Structure formats: structure tokens, C-alpha cells
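Below: the structure, in C-alpha cells.
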Amino acid sequence: MDNKNKNNDENELITERRRKLSLLREQGNAFPNHFRRSSFADELHVEYDSSDKESLEKLQISTTVAGRMMVKRVMGKASFIKIQDASGQIQVRMERDRLPDGLYQDFKKWDVGDILNITGILFKTNTNELTVLADQAEILTKSLRPLPEKFHGLADQETRYRQRYVDLIMNKESRDVFLVRTKIVSFIRTFLDSQDFMEVETPMMHSVPGGAVAKPFETHHNALDMNLFLRIAPELFLKRLVVGGFERVYEINRNFRNEGVSTQHNPEFTMLELYRAYADYEDFMTLVENLMRGISEIIHNSLTIQYQEQSIDFSKPFQRFTMEEVICKYNENIKSEDIRDLNYLTEFAEKMGIKIQANYGPGKIQAEIFDKTCESHLIAPTFICAYPTEISPLSRKNDKDPFVTDRFEFFVSGRELANGFSELNDSEDQAQRFLEQVSNASAGDEEAMSFDHDYIRALEYGLPPTAGLGIGIDRLVMLFTDSASIRDVLLFPYMRHENFD
RNA sequence: GGGCCGUUAGCUCAAUCUGGUAGAGCAGUAGACUCUUAAUCUAUUGGUUAUAGGUUCGAUUCCUAUACGGCCCA
């Protein structure tokens, strides 16, 4: 077969379907596009499922539906099929003696997976199922590849991720996850727009990577002969916009981090970042509470949700602890009076197997102890506040206690979901913090930030007191769709290269 | 990066432990059947057992490596 594709998975089932397609080509246009549907399956169900057999019979409602044939049951001179469209499925009854001459014989050769249009009259079967009694039927697109088995569907995880289109055809639960994802993102936009936030787009390619502690992907601009980095965060650009006078901005878009892949991490992931001038981190804790409750209501119609056997309650005020409080809570033998003592912390951390590097100060070690001993306990919605200045190079120092910043992270089901702080708007302090990052980088820290001269220049023009917040959209969607893996909420998750030979 | 598990027909799964050249259902093909719901009934096609080596008279099965995937850990 000359149009045989390169994939080395041709089999007799595909060959048989190619034969059927070439017969369609001989009969005329095998890929017609002249007809238009009148109704979606679900519209018909909503409108007529409650009608009884006799009244539908009297009304003689004609309709045209279109979609993929998912079920085919042939019984001699009549058959039932099911058509699946974007809204759902509807049954169709094909009768030899009702259809144009010869069409029923042709129909018997059509395969499950083919895309059809059907015109007919609505009726109810003896089992009260709304069905289209076909007067006309046409194959619009011949499907050359057999769909997975109708009862078990597509179960293989790898195929579900690599060939998401097949997963979406076969698994309603999978379609529902992505519908919920879209609904959540749409809700967030409405929520922010109604508070006069302005959605913006900032560069994806940065000449200085910044705004987060992470390893970037590198790329190269040929014409300008210049190295660029895919962004690890939009933060520094969004704050430049606040300097420029856009006092409430947000961006929902992709970040790229050159790190491992896991059930929680994909190299590209979606982040919401928002900034509001004349606000502080406490205002944004309130915003996070309201946002979480709003999403919970709109998706689950409840303030209590189930995630992986855990019950999560958003109705009560979210718990708040400082990082030092929560470290003491889950490490009963740590002495709170020594919690900033470098030697004490080093000894304590090494005993629990944390590798301490030479440039670690007490703040960094606290954060390591927190990650190892506290994070997984934070099941109920919890804010952890007062992050060490040492690990928060873009956050405003606390007025009373400069060891920590006015920063929080938000945890649910043992995972970090959001990170917010009062922004550091003292350009001289920011320049000093960048210098510390640069010195960490030269000490071998691959994730340390670079010195961003233009960002300092922007701060020198004056950034008003501002609060900032980042929320990982993928993890948020995981929580509200009860998904165990980030791959389940990404339409096309990262996969290693498939070998087609 | 480390550990454990997996990869058999288009799909969902057997057979592997205890080595003797692979079975079923669905899908396909041919036939029967005008209210099915995983429709039913009869017959039947379809496999380089992920890839490459090794052990053996003989490997889907045992061993090694590789690729890809899943889960856990860093």
C-alpha cells in the first residue's frame, strides 16, 4: 500500500479499514464537509428524556446529530448504534426499510470509531431510551485505527498519556478532569477580573533567569547569537509592571524548570502569579482563603472535598503557623531557644540525614528540616508564615524580626500550593540580596539567582508597597479532581521520546 | 540519580513461580437475526511474547544489558 504510514504498527485491522476507505473514495468524496448538525446529544437528552413514547411519536421531531460511532449492534434488518459528540452520547436506530436503497448494506461495513452524521426522528425505545430513528446517514470521516476494547476501554497509562486523543475518546473521567481544569482557570480569571486585576503576558524567554530558585532550560537565538533561558517564573517582569503603574496584574502561563519528573513535577507547568500594590501578604492570605472556597463551591458545590482518601475542609479559617512554630511542633526534641543557632541546627539536621553544605545558614537549614519533617503533616489547609530571609531573596524583611520575611506558603494535603509575600521594594536591600545569591552561585549552588541589573533599576524608580502571590495551577487542579499524578491533569504530559523505528 | 514492579494479538487479560515454540473475550472476516444495552448464535483470520545478548538439546518463562512506563525514595 503506497500511502502506508511510517509507523511500524500496520496490521490487518488497519489494512481492512484502508480497503473500506478506498471504496469510499471510489464512490465520491470520502471526506464530505457539506452538512451541519442541528443538535448535540446532551441537548436532546435534556429536552426530551422526560417525554413519553406517545407524545414524542405525535411530535415527529426531526434532528441531525453528528459524532463518533462508539457502539454498533447489528440485528439483521435493524441496528442500534451510539454516537458520541462533545456533549455526550445518543442512540440511533438504523432500519433497512426506512433508509434509502442500499444504505443499510453500506452501513453494515462501517466501523466503530467512524465519524457519522445522522438525520432522523426522535422516539423512545421499549426500554424508554431516547433514540434517533434514522432517515439519512453518512460517513464523514473513516477511522483507520481500531479503538480500544469497548468494555474495559483504554487502561494502559503510557498510551493514555502519549495518545491523549484516544484516552479522551474512550474515558469520560479523563474528559471530565480537563473540563474541570478549564472551569477552575476560568473561575480564577473571573475572580481576579472582578477585583480589577489586569491579565498580562510577559516574556517566556529571559536573558537573565529569575524570580525563583530553580535550574532553567537554556536555548539560543541564532540571528542575535545570544543565549536565552526559558523562564522559571514571571515574577520580576510582573513587578516591573507594578513599577510602571499597573497596580493589579496577573499572569496565568507556563514556567519551565530543568529538574526531575515526578507525580508532582513536570518540566513545564502552569503558574498563576498576581501582584497588588498597596497590599501585604496578610491580604493575600485572605485572598487565598476566598479563592480556595470559591473553587471548592463551583467545582464540588461544597466546602469539604475528598482528596486521595483525605477529607479536606475549607469552611473553617485556615490554620496559621510560623515556620519555627511548626518545626517545633513536629520535632519535639528541638530546643526553640536554639532554633537559629547554626551549630545546633547543623548537628540536629545531620542526625536526621540532611546533607548540610558549606554555604547553608540557619534559615536554609530550618527550611530543610521543615521540608523533611513538617510538610507531609500539613493535610488541612494551612499557612506557614515567617520564612527565613536567607531563602527568600525577593521578600520584604519583617519589621520586628529581620531574620524572617513577610512571606507565607500555603499547604493542603501535604503539598505546597501557593507562595506569597510582601514584596521587597527597597532597591538597595534587593541589590544586597542579589549579591548574596551570586556568591552562593559561585559557591556551587546551581539554583542560585543571578543579579538582574534592570530589575534593580526598575526598583530604583520606586515599587509601591506590594503583595505578590504564586499558585501552581496543576497542583490546584490535582486537588480538585482527586488526581494522584500531575500527568493526569496535563493534556500532554512530558514523556520520553517514543521510538517509531 | 537509587530501589521495586511491569512490557504477551489492535484493546483487556491468561500461560512465566516449576523451561517443552502461546490461549480467551472484545474488535476484524463470513453467515443468521427488526427494540439492542459489554446484544446474541455459528464458523474463522490474527503473535519476531519490548529490544539485544547469554545459559540450555530446547527460552514468553532463567540470567545480563538496553529502551519505555508505573510506584516509592533523593
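Naming: A, B, ... by sequence-line order, numbering from 1 per chain. As the structure is a computational prediction, the values presented were derived from the model and not from experiment.
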(request) Output yes when a side-chain donor or acceptor of A/His300 lies under 3.5 Å from a complementary backbone atom of A/Ile295, and no otherwise. (result) no

(message) Check A/Arg160 with A/Asp156, please: is the shortest side-chain N to carboxylate O separation under 4.0 Å?
(response) no

(request) Please work out if A/Val74 contacts a base, only the sugar-phosphate, or nothing of the nucleic acid, heavy-atom cut-off 4.0 Å. (result) base

(message) If you compare every side-chain N and O of A/Lys109 against the phosphate oxygens of B/A30 (OP1, OP2), does one of them come in below 4.0 Å?
(response) yes

(request) Would you mind classifying the nucleic acid contact of A/Thr159 as base, sugar-phosphate or nothing, using non-hydrogen atoms under 4.0 angstrom? (result) nothing

(request) Could you check A/Lys20 against A/Ala484 and say which one's nearest nucleotide on RNA chain B is further toward the 5' end? (result) A/Lys20

(request) Rounded off to whole Å, could you give me the CZ-to-C1' distance for the A/Arg162 and B/G10 pair? (result) 18 Å

(request) Take atom P in B/A74 and the same atom in B/G28, then report the distance between them in whole Å. (result) 49 Å

(request) For B/A67, take OP1 and OP2 only and decide whether either is under 4.0 Å from a side-chain N or O of A/Arg496. (result) no

(request) Check each residue of residues 118-131 of chain A for a non-hydrogen atom within less than 4.0 Å of any atom in RNA chain B, then write out the ones that pass by number, or none. (result) A/Phe123, A/Thr125, A/Asn126, A/Thr127, A/Glu129

(message) Is it the case that the side chain of A/Tyr161 and the backbone of A/Leu490 share a donor-acceptor pair, with hydrogens and angles ignored and the cut-off at 3.5 Å?
(response) no

(message) Check A/Glu498 with A/Arg496, please: is the shortest side-chain N to carboxylate O separation under 4.0 Å?
(response) no

(request) Would you mind reading off the distance between A/Glu259 atom CD and B/G1 atom P, rounded to a whole angstrom? (result) 14 Å

(request) In whole angstrom, give the distance that lies between atom CZ of A/Arg17 and atom P of B/G28. (result) 7 Å

(message) By the 4.0 Å heavy-atom rule, please label A/Met495 as base, sugar-phosphate, or nothing.
(response) sugar-phosphate

(message) Any salt bridge linking A/Asp111 with A/Lys20? Criterion: basic side-chain nitrogen under 4.0 Å from a carboxylate oxygen.
(response) yes

(request) Choose from B/G70, B/C68, B/C33 the nucleotide whose nearest atom is closest to any side-chain atom of A/Met75. (result) B/C33

(request) With C1' as the reference atom in both, quote the distance from B/C57 to B/A50 in angstrom, rounded to an integer. (result) 27 Å

(request) For the pair A/Arg407 (side chain) and A/Cys385 (backbone), establish whether a donor and an acceptor sit closer than 3.5 Å, ignoring hydrogens and angles. (result) no

(message) Assess whether a salt bridge exists between A/Asp85 and A/Arg37, defined as any Lys/Arg side-chain N lying under 4.0 Å from an Asp/Glu carboxylate O.
(response) yes

(request) Please check if the side chain of A/Thr64 supplies one atom and the backbone of A/Thr119 the other of a donor-acceptor pair under 3.5 Å. (result) no

(request) State plainly whether the residues A/Lys355 and A/Glu368 are in salt-bridge range, i.e. N to O under 4.0 Å. (result) no

(message) With rounding to the closest Å, how many angstrom separate the P atoms on B/U16 and B/C63?
(response) 15 Å

(request) Can you tell me, in whole Å, how much space there is between the P of B/U64 and that of B/C17? (result) 15 Å

(message) Whether the side chain of A/Gln91 and the base of B/U36 hold a donor-acceptor pair under 3.5 Å is what I'd like checked.
(response) yes

(request) Go through the N and O atoms of the side chain of A/Arg93 and the base of B/U34, and report whether any donor-acceptor pair is under 3.5 Å. (result) yes

(message) Can you tell me if A/Lys150 touches the phosphate of B/A39, counting only side-chain N or O atoms and a distance under 4.0 Å to OP1 or OP2?
(response) yes

(request) Among residues two or more places apart or on two chains, list those pairs meeting salt bridge (Lys or Arg N to Asp or Glu O under 4.0 Å) that have a residue in residues 91-104 of chain A. (result) A/Arg93-A/Glu95, A/Arg98-A/Asp135

(message) Distance check, P atoms only: B/U37 and B/C41, in whole angstrom units.
(response) 11 Å

(request) Mind calculating the distance between CD1 (A/Ile90) and C1' (B/U37) to the nearest angstrom? (result) 14 Å

(request) Let me know the distance between CZ of A/Phe80 and P of B/U34, rounded to the nearest Å. (result) 12 Å

(request) Look at A/Arg487 and B/G70 and indicate whether a side-chain polar atom (N or O) is within less than 4.0 Å of OP1 or OP2. (result) yes

(request) Using atom CZ of A/Arg73 as one end and atom C1' of B/U34 as the other, report the distance to the nearest whole Å. (result) 15 Å

(request) Please state how far atom CG in A/Asp111 lies from atom C1' in B/U29, giving the value in whole angstrom units. (result) 11 Å

(message) Just verifying a value: how many Å separate A/Asn258 CG and A/Lys215 NZ, rounded to the nearest 0.5 Å?
(response) 7.0 Å

(message) Which nucleotide wins on minimum distance to the side chain of A/Ala155, given the candidates B/C35, B/A27, B/U12?
(response) B/U12

(request) For A/Glu16, report the nucleic acid contact type (base, sugar-phosphate, nothing); a contact means any heavy atom under 4.0 Å. (result) sugar-phosphate

(request) Could you give the distance separating B/C73 and B/C26 at their C1' atoms, to the nearest angstrom? (result) 40 Å

(request) Select one nucleotide: of B/G28, B/U34, B/U12, the one nearest the side-chain heavy atoms of A/Glu149. (result) B/U12

(request) Using a heavy-atom cut-off of under 4.0 Å over every strand shown, decide if A/Asp97 touches base, sugar-phosphate, or nothing. (result) base

(request) Report the residue (A/Val261 or A/Gly153) whose heavy-atom-nearest nucleotide on RNA chain B is the more 5′ of the two. (result) A/Gly153

(request) Quick one: stems involving RNA chain B, counted as three or more successive Watson-Crick or G-U pairs, both distances short of 3.5 Å. (result) B:1-7 with B:67-73, B:10-13 with B:23-26, B:28-32 with B:40-44, B:50-54 with B:62-66

(request) With A/Lys72 as the cation and A/Phe107 as the aromatic partner, state whether NZ or CZ is under 6.0 Å from the six-membered ring centre and within 45° of the axis. (result) yes

(request) Could you work out the separation of B/U45 and B/C35 based on their P atoms and round it to a whole Å? (result) 31 Å

(request) Write down the distance separating the C1' atoms in B/A39 and B/G25, rounded off to the nearest Å. (result) 15 Å

(message) Can you measure A/Asn171 atom CG to B/U12 atom P for me and round it to whole angstrom units?
(response) 10 Å

